[in-house]
Amino acid sequence: MSFPIIWSGNFYHLRHSCSYKLLRFQSGSTPKILPDTRTCNLRFLASKAEGKNQKSQSKKPQNVNVNHNDGSVKSSSSKTINKSELHEFKAVQCYQHISEKRVFDWPAVVIAFDIETTGLSRQKERIIEIALRDLYGGKNSTFQTLVNPEKEVSNSYIHGIRSDMVNRPDVPRFKELVPILLQYIRSRQTDGRQVALFAHNGRGFDVPFLIHEFRRCKVEIPEDWLFVDTLPLARKLVKPDGSKLESSKLDDLRQYYEIPLIGPAHRAMQDVHTLAYVLQKMSYQLKLSIPELLDGGFRASDIIKVAP
DNA sequence: GGCCCTCTTTAGGGCCTT
């Protein structure tokens, strides 16, 4: 099984099944996942020569629902795809039929996730936003919500999430989010497949943060959740001249791979988008199959044993 | 705080995450 081919196929799914969800919580009622209606258009630009060879399907604007999730209403925006991106999309189309045949061979549910927090200390700070994306795609492949930290947000300059956006009764606290999160992950585990949750610097930041939030709710993270940190993968990357990359930051990786920025910067779902594409690029460059990626995975209990 | 790298391993500095 060739991972790069499957991954390219997945690239197709990323573009065609993106659906953001805004989790709204009403005190005393069952939380509901509501679709967001705002959209932005991905418009393809093609030269005349390219346009002649382009199939009609690829010429159609690709609609991507965008949920800024900041409580404000913003007008639709337009994302222009340049020539190199168009070339990549065309390559993806070549693999589409392969992916559709092999997609059920995926050994695991691959989910990219990211959190925004009130700071860096897992003991003192709290999660204020979480976003997940099932890279397989499909209906409800994305999940995103703000989280009420029940404390002041002092680092809004990082992510743009202000206290008044999250410290409100209609934003769920983490303990109210836990059962929904567990159910969402379970809903992605069709046929009892292994779930693998990818995060950049996940071992050092996201997963320990999740562990502490779950602990506060007196809930253990399921043992069948396998986490994979993409930071060690990034540190293995080398340039064509053999030298290492100057930086392994997620945004620097995005720029290195010339991945366009989609959505508001420094928000959880935007970073999930970036991670999804960076992961695709890195796995291709490092020639890593899905099982090889999962070999580097770890459980929440592995971290707890090291740093209780 | 974990991981990586080096002027290292009996250590220390820097990266990466918000």
With rounding to the closest Å, how many angstrom separate the C1' atoms on B/dC3 and B/dT8? 15 Å

Check the pair A/E152 / A/S163 against side-chain hydrogen bond (donor to acceptor under 3.5 Å, both in side chains), numbers first and verdict last. CA-CA 6 Å; A/E152 285 297 307; A/S163 262; 3.1 Å; yes

note: A/L231, atom CG; B/dC3, atom P; distance rounded to Å ~ 10 Å

Looking only at atom C1', what distance separates B/dC16 and B/dT9, rounded to whole Å? 24 Å

With sugar-phosphate meaning primed atoms plus P, OP1 and OP2, does A/D114 contact a base, only sugar-phosphate, or nothing at under 4.0 Å between heavy atoms? sugar-phosphate

Tell me whether the side-chain N/O atoms of A/K244 come closer than 4.0 Å to OP1 or OP2 in B/dC5. yes

Which value, in whole Å, describes the distance between the P atoms of nucleotides B/dT6 and B/dT18? 26 Å

It should be established whether A/S248 places a side-chain nitrogen or oxygen under 4.0 Å from OP1 or OP2 of nucleotide B/dC15. no

Residue whose nearest DNA chain B nucleotide is more 5′ - A/G204 or A/D252: A/G204

Under 4.0 Å, heavy atoms only, any strand: does A/I128 hit a base, just the sugar-phosphate, or nothing? nothing

Take atom CG of A/D229 and atom P of B/dG1, then tell me their distance rounded to the nearest Å. 17 Å

Closer than 4.0 Å, any side-chain N/O of A/R203 to the OP1 or OP2 of B/dC3? yes

Taking side-chain hydrogen bond (donor to acceptor under 3.5 Å, both in side chains) as the definition, give me every residue that meets it alongside A/K218, ordered by chain and number, with sequence neighbours left out. none

On a plain distance test, is the side chain of A/R235 in donor-acceptor contact with the base of B/dC15 below 3.5 Å? yes

Starting from P on B/dT17, measure out to CZ on A/F205 and report it in whole angstrom. 10 Å

Indicate whether OP1 or OP2 belonging to B/dC15 is found under 4.0 Å from a side-chain N or O atom of A/S247. no

Rounded to whole Å, NE2 of A/H200 lies from P of B/dG2 at a distance of 18 Å

Do the numbers put A/R126 on top of the ring of A/F209, so that NZ or CZ is under 6.0 Å from the six-membered ring centre and no more than 45° off the axis? no

Figure out the CG/C1' separation between A/D271 and B/dC16, and round it to whole Å. 13 Å

Taking only residues two or more places apart in sequence, or in another chain, which ones meet A/D164 in a side-chain hydrogen bond (donor to acceptor under 3.5 Å, both in side chains)? A/R162

Does NZ or CZ of A/R203 lie under 6.0 Å from the centre of the six-membered ring of A/F298, at an angle within 45° of the ring axis? yes

Interatomic distance, A/N155 CG vs B/dC16 C1' [rounded to whole Å]: 16 Å

Euclidean distance for P, B/dC7 against B/dG13 (whole angstrom): 15 Å

A/N201 CG to B/dG2 P, straight-line distance once rounded to whole Å: 11 Å

Figure out the CG/C1' separation between A/D302 and B/dG1, and round it to whole Å. 16 Å

